[in-house]
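Have a look at the structure below, then the notes.
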Amino acid sequence: MEIIKKTSGSIAILQLKGRFDAHEVAPVAAWMQTQVDAGLAQVLIDLEGVNFIDSTALSSLVRGLKHCREKGGELRLCNLQQPVRVIFELTRLDKAFSIYADQATALAAFQNIE
Amino acid sequence: MVMIEHLEITAKLDNLSTMRDFVEQQAKQFGANERQAFALILSVDEAATNVINYGYRGNPGLLEIDVEREQETLIVTLKDSAPAFDPTTIPAPDVSLPLEARQPGGLGIHFIRQFLDKFSYQRSADGKNILTMKKYLTKGEKA
């Protein structure tokens, strides 16, 4: 899986491309932990290039969301592809996360609460 | 006529993609559409991850995967030699709870139950865990 790290103002952005499975969780979880530890609890994960996610990867996003919220921030998601959206819906995590159609809309949502 | 394809592979997380590719290729060769193949790919990924993380617990081991078509049913069998464990007994997670109240774990088995038509476990006489996962190709398609 390809991992691209970016920032937009105070928002840390992670773009993932490929298949997000148990084997790929460690670098993503480590990046999220680093952001939160550095006080950067506004996180956007762009899943446009992800066409597969399993329960281990999903759980890592849930942990990331909880950590961000504990620090007064938020973890938002954008660009969910259909096989990934199905997984979120099946676990009703589509209701727990703030999910946006694209990066621009998600970034605007961060601006609105700042 | 019964058609079977077999893969034997080291049980480690960086082999998950090879396992998924094998199941996808064989399932489609045996007539699965995208949704049916996805159901089997995700189920194998989840079951294999459980075996690697909680069965072998980092110890070396093998996974054997069979994909077969029996009439209108695709059957994927996953065998391992880890200590006996029946994943069909794992309780379903309560996905209606708010995020803060949810307990970790159990989602993988939840996916398997949701996407497959049948999911069963047996312990063989020679000390192997055998998970049998079935997806109907015609009637009663789920998810």
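Here is how names work: the chains are called A, B, and so on, in the same order as the sequence lines, proteins then strands, and each is numbered from 1.
For the options B:Lys12, B:Glu34, B:Arg20, heavy-atom pairs under 4.5 Å to chain A are most numerous at B:Arg20. In terms of heavy-atom pairs under 4.5 angstrom with chain A, the leader among B:Ile109, B:Asn53, B:Leu107 is B:Leu107.
Salt bridge B:Lys134/B:Glu70: absent, no basic N to carboxylate O contact under 4.0 Å. Using a cut-off of 4.0 Å between Lys/Arg side-chain N and Asp/Glu carboxylate O, A:Arg19 and A:Asp54 are scored as not salt-bridged. Here A:Glu70 does not pair with A:Lys66 in a salt bridge; the nearest charged N to carboxylate O distance is not below 4.0 Å.
Looking at A:Ala22, both its backbone and its side chain come within 4.5 Å of chain B, counting heavy atoms on both sides. Interface residue A:Arg69: only side-chain heavy atoms are found under 4.5 Å from chain B. Interface remark: B:Asp45 contributes side-chain atoms only to the contact with chain A (heavy atom separation under 4.5 Å). In this structure, chain B has a heavy atom under 4.5 Å from the backbone of A:Ile53, while its side chain stays farther away. For A:Thr91, the parts lying near chain B are the backbone and the side chain together; criterion is any non-hydrogen pair under 4.5 Å.
Residues passing the salt bridge (Lys or Arg N to Asp or Glu O under 4.0 Å) test with A:Glu2: none are found, sequence neighbours excluded.
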Quiz item: Can B:Asp21 and B:Thr18 be said to form a side-chain hydrogen bond (donor to acceptor under 3.5 Å, both in side chains), step by step?
Solution: CA-CA 5 Å; B:Asp21 289 346; B:Thr18 305; 5.7 Å; no
What side-chain donor-acceptor pairs closer than 3.5 Å can you find for residues 73-81 of chain B, not counting sequence neighbours?
{"residue": "B:Asp80", "atom": "OD1", "partner": "B:Ala82", "partner atom": "N", "Å": "3.0"}
{"residue": "B:Asp80", "atom": "OD1", "partner": "B:Asn129", "partner atom": "ND2", "Å": "2.8"}

